[in-house]
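Basis for what follows: all heavy atoms, side chains included, without hydrogens, waters or symmetry-related copies.
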Amino acid sequence: MQIAIPAERLAGETRVAATPETVKKLVGLGHSVVVEKGAGVASAMLDAAYKEAGASLVGSRTAALTAGDIVLTVRALPAEDIAQLKDGAVLIGMLAPYSNPDLPKLAAKQASAFAMELLPRTTRAQSMDVLSSQNNIAGYKAVLLANHYYPRFMPMLMTAAGTVKPARVLILGVGVAGLQAIATAKRLGAVVEAFDVRPSTKEQVESLGAKFVEVPMTDAEKAANDGVYAKEMSEDYQRRQTELVDKHAKQADIVITTALIPGKPAPRLLSAATVAAMKPGSVIVDMAAESGGNVESTRCGEVVHTDNGVTVVGTANLPGLMAGDASALYAKNLLTFLSLMLTKEGFSINLEDELLAATLVTHAGELRFGQAAPAAASAAPAAVQAGA
């Protein structure tokens with residue numbers, strides 16, 4: 001098979017779908033790899049390294065796309081790129097299935113397109129889970145961003161000039177990103193609290209040395225939110241949640257929000273009124289900025305400084321700020337996923353395989369992905385791109 005790696009064209013996207021390491025493994029399996037020149041430069045992976053790994057370099061995007069029996073990408077391809085794919089090509093990447101208007105165009109090209117965001121949350125899928133690998137990085141980077149804008153120390157310091165109190169950090173959403181944010185903030189010496197609607201996350205939070213902020217729940221509410229994904233809650237629960245979260249946010253120096261609902265705008269966790277009541281110098285990092293934000297004051301791609309001295313960070317694509325490691329992990333996820341189809345006997349798509357069936361959004365001219373979004377929130381371990 002000929003495998004193509006085009007450069008990413010989305011503004012601000014610095015990652016690449018294959019690294020020299022994964023290219024070398026693909027070539028070693030007998031496949032040819034074509035890489036668009038400059039595809040890995042923003043991830044500190046130069047063309048020479050891909051060439052040394054056995055890839056062929058092409059200077060135009062068209063040459064890369066038309067060459068690929070299999071095309072690996074980070075983000076969804078725009079319509080003009082889809083038009084250049086081979087008929088019947090295989091496309092693998094984070095294709096944004098809930099919001100991608102070009103899926104019918106992929107079906108018209110007879111493409112077999114796999115959206116990696118739809119990978120089931122099973123033990124077998126862990127090594128292919130792009131959301132977990134990228135959210136882990138995002139949670140780490142969110143704390144570093146908060147530390148950058150926070151005008152004080154994170155740890156407690158005892159000096160001859162006096163004692164500096166540790167920062168109080170509140171994490172909203174205890175998924176992969178939230179857990180990494182807790183661990184990172186603790187390593188930096190902060191006092192950390194965390195909230196999640198799933199009672200089962202309490203043990204995870206406390207095992208990392210943080211305090212779990214718990215909303216009183218009925219038995220029915222606990223049963224509804226004890227799985228992998230958090231569920232949308234009743235109005236009464238949301239009222240209790242809002243009151244408790246507002247209270248703790250006003251006491252915090254740093255708040256990091258991670259909640260997402262696939263296919264829907266991000267849930268609102270902090271109102272402008274709550275932000276207005278926070279302490280001067282406080283910092284909020286909204287990891288759901290690309291989906292509308294968990295904070296009313298968030299502006300995607302911007303850093304907002306409020307009148308009362310609160311900084312609201314809406315930086316998009318946090319994994320892309322650590323493109324080297326983000327690309328390395330993502331490329332390994334795709335390589336493992338490819339192993340489900342690339343065998344010693346050749347290439348085949350087994351529609352009986354639960355992982356392939358769940359991620360396959362177009363195939364044989366058909367649009368297989370339904371338009372209804374599930375009511376699952378990404379404050380759970382694998383939800384979205386930058387969240388938890």
TODO: Examine distances only and state if a side-chain atom of N294 and a backbone atom of A259 form a donor-acceptor pair shorter than 3.5 Å.
DONE: yes
Open item on the list: Side chains of D353 and R124, heavy atoms from C-beta outward: is any pair under 4.5 Å?
Closed with: yes
Task: Approximate separation, where rounding is to 0.5 Å, of Q251 CD and K247 NZ - done: 6.0 Å
Task: Path from L72 to V34 over hydrophobic side-chain contacts below 4.5 Å - done: no
Task: Same apolar cluster: L335 and F337, side chain cutoff 4.5 Å - done: yes
Open item on the list: Side chains of K141 and T315, heavy atoms from C-beta outward: is any pair under 4.5 Å?
Closed with: no
Task: same_hphob_cluster(L334, L29) at 4.5 Å side-chain heavy-atom cutoff - done: no
Task: Cluster overlap V58 with V33, hydrophobic side-chain contacts below 4.5 Å - done: no
Open item on the list: Is there a side-chain contact between R9 and P78 in this structure, where contact means two heavy atoms from C-beta onward sitting under 4.5 Å apart?
Closed with: no
Open item on the list: Looking at K24 and G54, would you say the former's side chain and the latter's main chain have a donor-acceptor pair under 3.5 Å?
Closed with: no
Task: Note, R368 side chain near V361 side chain (heavy atom, < 4.5 Å) - done: no
Open item on the list: Could you tell me if the side chain of F114 sits less than 4.5 Å from the side chain of I349, heavy atoms only?
Closed with: yes
Open item on the list: If you apply the rule side chain to side chain contact (heavy atoms under 4.5 Å, CB included), what do you find for F369 with L118, and how did you get there?
Closed with: CA-CA 10 Å; F369 181 73; L118 301 178; 3.6 Å; yes
Task: Side-chain heavy-atom pair L77, L65 within 4.5 angstrom cut-off - done: yes
- [ ] Output, in order, the C-alpha distance, side-chain angles, deciding distance and verdict of side chain to side chain contact (heavy atoms under 4.5 Å, CB included) for T298 and I284.
- [x] CA-CA 9 Å; T298 297; I284 301 170; 5.7 Å; no
Task: Donor-acceptor contact below 3.5 Å, side chain N333 vs main chain S127 - done: yes
Open item on the list: Measuring only between side-chain heavy atoms, which start at C-beta, is P97 closer than 4.5 Å to E117?
Closed with: yes
TODO: Would you check if the side chain of D129 reaches a backbone N or O of L119 as a donor-acceptor pair within less than 3.5 Å?
DONE: no
TODO: State, with a plain yes or no, whether a side-chain heavy atom of I137 is found less than 4.5 Å away from one of L318.
DONE: no
TODO: Salt-bridge test for D102 and K109: reply yes if a basic N is under 4.0 Å from a carboxylate O, no otherwise.
DONE: no
Open item on the list: As an exercise, state the distance from OG of S282 to CZ of R152, rounded to the nearest 0.5 Å.
Closed with: 7.5 Å
Open item on the list: Taking Q204's backbone N and O only, do any of them form a donor-acceptor pair with T201's side chain (distance below 3.5 Å, no angle check)?
Closed with: no
TODO: Show your reasoning for whether side chain to side chain contact (heavy atoms under 4.5 Å, CB included) applies to R75 and N317.
DONE: CA-CA 11 Å; R75 301 279 192 152; N317 188 17; 3.7 Å; yes
Task: Donor-acceptor under 3.5 Å (T22 side chain, A18 main chain) - done: no
TODO: Ignoring hydrogens and angles, tell me if any N or O in the side chain of T362 forms a donor-acceptor pair with the backbone of A111 under 3.5 Å.
DONE: yes
Task: K25/E21 salt bridge by N-O under 4.0 Å criterion - done: yes
Please tabulate, one pair per line, all N/O donor-acceptor pairs under 3.5 Å involving side-chain atoms of residues 170-186, not counting sequence neighbours.
| from | atom 1 | to | atom 2 | distance (Å) |
| --- | --- | --- | --- | --- |
| Q180 | OE1 | T184 | OG1 | 3.0 |
| Q180 | OE1 | R187 | NH2 | 3.2 |
| Q180 | NE2 | N136 | OD1 | 2.8 |
| T184 | OG1 | Q180 | O | 2.8 |
| T184 | OG1 | R187 | NH2 | 3.2 |
| K186 | NZ | G209 | O | 3.2 |

Open item on the list: Taking OH in Y140 as the centre, count heavy atoms belonging to other residues, nucleotides or ligands within less than 6.0 Å. Is the count above 12?
Closed with: no
Open item on the list: Could you measure the distance from the CD atom of E214 to the CD atom of Q241? Nearest 0.5 Å is fine.
Closed with: 12.5 Å
Task: Worked verdict on T311 versus V303 for side chain to side chain contact (heavy atoms under 4.5 Å, CB included) - done: CA-CA 7 Å; T311 300; V303 177; 3.5 Å; yes
Open item on the list: Closer than 3.5 angstrom, by distance alone: can the side chain of N308 be matched with the main-chain N or O of A276 as a donor-acceptor pair?
Closed with: yes
Open item on the list: Pairing donors with acceptors under 3.5 angstrom, does anything connect the side chains of S32 and Q2?
Closed with: yes
Task: Straight-line distance of M128 CE to S339 OG, nearest 0.5 Å - done: 5.5 Å
Task: Under 3.5 Å: donor-acceptor pair, side chain of S112, backbone of V90 - done: no
Open item on the list: Checking the side chain of E36 only, and the main-chain atoms of A7 only, is there a donor and an acceptor separated by less than 3.5 Å?
Closed with: yes
- [ ] Considering non-hydrogen atoms only, spot the tightest contact between L355 and A125 and give its length.
- [x] CD2-CB, 3.9 Å
Open item on the list: Hydrophobic cluster membership, with links at side-chain heavy-atom distances under 4.5 Å among I/L/V/M/F/W/Y: are F212 and V191 in one?
Closed with: no
